[in-house]
Amino acid sequence: MSLYPQIKKFLLGKSLPTSAHSEERLSNAAALAVLSSDALSSVAYATEEILLVLVAAGSGALGLSLPIAIAIIILLGIVVLSYRQTIRAYPKGGGSYIVARENLGIYPGLVAGGSLMIDYILTVTVSISAGTAALTSAIPALRPFTVSLCLIFIFLLMLANLRGVKESGRIFMIPTYGFIASIFVLIGIGLFKHAIGEEVAAYPPIPVHEGLSLFFILRAFSAGCTALTGVEAISDGVLAFKEPEWKNARITLIYLGVILGLMFIGITYLSNMYHLVPEEGQTVVSLLGREILGNGPFYYFVQIVTLLVLLLAANTSYADFPRLCYFLARDGFLPRQLALLGDRLVYSNGIILLSICAGILVIIFKGQVNAVIPLYAVGVFTSFTLSQAGMVRHWFQSRESNWRASALMNGLGAIATAVVLGVIISTKFLLGAWLVVVAIPVVVALFITIRQHYEHVAERLSVQDMAPRSYIPRPKPTVVTHPAVVVVGQLNRGTVEALDYARTIADEIVAVHVDINGSTDREKLQSKWRQLESDIPLEIIDSPYRSVIEPIVDFVAQFEERHPDVFTTIVIPAFVTRNWWEGLLHNQTTLFLKTALRAKKSRVVSTVRYYL
């Protein structure tokens, strides 16, 4: 056994069969930790973002953070109730991409999908950067290592998620609930001290740089709307829950809304009561902790669990980004590798892609939260608006029970989030939001290009118009001198040419196809096979661990045992794309399969190329 599989097994655990999928579901408590950590953790920086805007108008403006927070909580209630309707209508999972595509059309669906992808990447970047900021606030000596710490945390989070949903749920429950408990204790102690009349220092003199205006207040409101990012994750991840999935998801969404609202209003209220002013190198939660708790052990406990939950907030993206990529890849808008389940029943390639993109952004923005925040929330509110608008049309078309009330709720959600989206874009556009506004159509164009490539490949490889072929049955040789195995991924023109080649060199031929997760329509494949390749038997083998290579290697080994003392040829069909980059859109199974099969010397491995 080579070193790589041993390291992989040690880090990620042993491979799980597809039959274990139902066992990897989450309880409501675990799902709240896995799917809601992004939204819950936003209280660690949402109040601070409001204050950072208001401070430009002097100390007198800081009191506006409380009414702004109340407006955001009203918006939170609208969004939560709207997504409860979405979960009811899509009990098997209704992410923004699916809802928008089914009800509004392909382009709105792709805009929603692209917006969410960008938002998930930014969520990881912001969460990891904010978590590292909490650590460096408590230990200033670590500030020079901010970027390195961010990259280490992304790697550890990637590793935890590659181990599987159930294991990541166990890992994340303790820090998430520790954070919730510590924030409520902090709020409780702060309210108690204020109630007994503890003296509070007045605001320090703050120079006024901007006058109060509606646009200025809207800018502070849009900054605080980062508190709502991640609320849609439960709607996207319904199938991660235990049965009955949709009912458990709706209950958990209410828990999220109540807990998030109470924590957010509590921190904002105390920030007002204690006259906090944002400082360089100190988060508002850190300032509040020092003011209420001093520099004792509990202050450091609050900072540690804040650090952990901010790191785990990125886990909301790790839970939903791979699923979103799966849906887009399944529909042909992303590389097909992103639709494959990994060894631990998670979409491993999506997890790795998310980690790479977030790592690049951390390096570009040097791990600074305030540098990334202006880009934040554009994507999520775009997907909010399209999803809720799609739900309005869904109710009008389906006219299910209570459809008018549901349509009204989703319509209110669509209007509210559309207004907020307009505010966010107008107030943050020049601060960096223009990057996301430009990136979304670029990503949608990329989706369409990928889809066009797959359609071209399917058209070139199709055997739909091939006339049935008849062969004289091959006589079984007395002594087999040159047996051959032809690997069949799909019955296409490339496979037909590989089989024709095998007929010219072999006196006994067998074709083998691997059925992964029961995804093969066996009757349809066998029927088409009898029309085109009736003289060669086709063996269909199951793959309970979703591997193509191991079942084929085992099949070839058993085939060779029946034909000792002769060389067996394994024929692998492969198509060659027009451009090198198009090859990246296809699984590199041929390369790995050839490497695995060449481990035995008494084999000939041939690749038959079909040029598109």
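Note that the structure is a prediction, hence the values are computed from the model and not measured.
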_What verdict does the side chain to side chain contact (heavy atoms under 4.5 Å, CB included) test give for Ile234 and Ser36, after you've listed the backbone C-alpha separation in whole Å, the side-chain angles of each residue and the deciding distance to 0.1 Å?_
CA-CA 7 Å; Ile234 290 175; Ser36 304; 3.4 Å; yes
Nearest heavy atoms of [X] and [Y], plus distance in Å:
{"X": "Ala46", "Y": "Ala227", "value": "CB-CB, 3.7 Å"}
{"X": "Gly289", "Y": "Leu186", "value": "CA-CD1, 4.1 Å"}
{"X": "Ser271", "Y": "Leu288", "value": "N-CD1, 4.2 Å"}
{"X": "Gly224", "Y": "Ile50", "value": "CA-CG1, 3.5 Å"}
{"X": "Phe301", "Y": "Gly178", "value": "CE2-O, 4.4 Å"}
{"X": "Leu253", "Y": "Val231", "value": "CD1-O, 3.8 Å"}

*Please name all residues satisfying side chain to side chain donor-acceptor pair (under 3.5 Å) with Ser127, sequence neighbours left out, ordered by chain then number.*
none
Is a donor on one side and an acceptor on the other found under 3.5 Å between the side chain of [X] and the backbone of [Y]?
{"X": "Ser317", "Y": "Tyr120", "value": "yes"}
{"X": "Asn161", "Y": "Leu157", "value": "yes"}
{"X": "Thr229", "Y": "Thr226", "value": "yes"}

*For Val147, what residues pass the side-chain contact (heavy atoms from CB on, under 4.5 Å) criterion, not counting sequence neighbours?*
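Testing Val147 for side-chain contact (heavy atoms from CB on, under 4.5 Å), a comparison that skips the adjacent residues, returns Leu151, Val362, Ile363, Lys366.
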*Using the test side-chain contact (heavy atoms from CB on, under 4.5 Å), find all partners of Phe192 that sit at least two apart in sequence or belong to another chain.*
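Phe192 satisfies side-chain contact (heavy atoms from CB on, under 4.5 Å) with Ile196 once adjacent residues are dropped.
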If we count only N and O atoms by modelled type, under 3.5 Å, do the side chains of [X] and [Y] hold a donor and an acceptor together?
{"X": "Arg323", "Y": "Tyr347", "result": "no"}
{"X": "Thr427", "Y": "Ser222", "result": "yes"}
{"X": "Ser235", "Y": "Tyr90", "result": "no"}
{"X": "Thr268", "Y": "Thr47", "result": "yes"}

_side chain to side chain contact (heavy atoms under 4.5 Å, CB included) between Phe365 and Ser129, worked out_ = CA-CA 10 Å; Phe365 291 100; Ser129 300; over 6 Å; no
_Chi angles and distances behind the salt bridge (charged side-chain N to carboxylate O under 4.0 Å, His left out) call for Arg219, Glu210_ = CA-CA 12 Å; Arg219 209 170 87 208; Glu210 290 189 48; 3.2 Å; yes
_Please determine whether side chain to side chain contact (heavy atoms under 4.5 Å, CB included) holds for the pair Val420 and Phe221, giving the CA-CA distance in whole Å, both sets of side-chain angles, and the decisive distance to 0.1 Å._
CA-CA 9 Å; Val420 174; Phe221 172 78; 3.8 Å; yes
Rounded to the nearest 0.5 Å, what's the gap from [atom1] on [X] to [atom2] on [Y]? Could you check?
{"X": "Gln388", "Y": "Glu232", "atom1": "CD", "atom2": "CD", "result": "10.5 Å"}
{"X": "Phe179", "Y": "Leu308", "atom1": "CZ", "atom2": "CG", "result": "11.0 Å"}
{"X": "Thr382", "Y": "Phe384", "atom1": "OG1", "atom2": "CZ", "result": "10.5 Å"}
{"X": "Ser41", "Y": "Met263", "atom1": "OG", "atom2": "CE", "result": "8.5 Å"}
{"X": "Ile424", "Y": "Thr417", "atom1": "CD1", "atom2": "OG1", "result": "9.5 Å"}
{"X": "Leu110", "Y": "Leu446", "atom1": "CG", "atom2": "CG", "result": "10.5 Å"}

*Under the salt bridge (charged side-chain N to carboxylate O under 4.0 Å, His left out) rule, collect the residues that match up with Arg84, sequence neighbours excluded.*
none
*Report the residues that fulfil salt bridge (charged side-chain N to carboxylate O under 4.0 Å, His left out) with Glu279, sequence neighbours left out, ordered by chain and then residue number.*
none
Got more than 12 heavy atoms from elsewhere within 6.0 Å of [atom1], [X]?
{"X": "Phe215", "atom1": "CZ", "value": "yes"}
{"X": "Tyr274", "atom1": "OH", "value": "yes"}
{"X": "Lys193", "atom1": "NZ", "value": "yes"}

_Test applied, side chain to side chain contact (heavy atoms under 4.5 Å, CB included); reference residue, Ile87; option that passes from Thr252, Asn248, Val238_ = Val238
*Only one of Ile183, Leu40, Val43 forms a side chain to side chain contact (heavy atoms under 4.5 Å, CB included) with Ile259, so which one is it?*
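When side chain to side chain contact (heavy atoms under 4.5 Å, CB included) is applied between Ile259 and each of Ile183, Leu40, Val43, only Leu40 qualifies.
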_Stepwise ring pair (Phe, Tyr, Trp, His ring centres under 6.0 Å) check, Tyr97 with Phe327_ = CA-CA 8 Å; Tyr97 164 67; Phe327 288 123; 7.2 Å; no
Hey, does [Y] have a side-chain heavy atom less than 4.5 Å from the side chain of [X]?
{"X": "Leu338", "Y": "Pro322", "value": "no"}
{"X": "Leu122", "Y": "Val436", "value": "yes"}
{"X": "Ile351", "Y": "Phe321", "value": "no"}
{"X": "Leu191", "Y": "Tyr269", "value": "yes"}
{"X": "Phe264", "Y": "Leu76", "value": "no"}
{"X": "Arg250", "Y": "Tyr83", "value": "no"}
{"X": "Met117", "Y": "Cys325", "value": "yes"}
{"X": "Pro278", "Y": "Leu51", "value": "yes"}

*Apply side chain to side chain contact (heavy atoms under 4.5 Å, CB included) to Thr283 and Thr306, showing your working.*
CA-CA 11 Å; Thr283 64; Thr306 302; over 6 Å; no
*Under the side chain to side chain donor-acceptor pair (under 3.5 Å) rule, what pairs show up with a residue in residues 48-75, not counting sequence neighbours?*
Ser65-Asn272
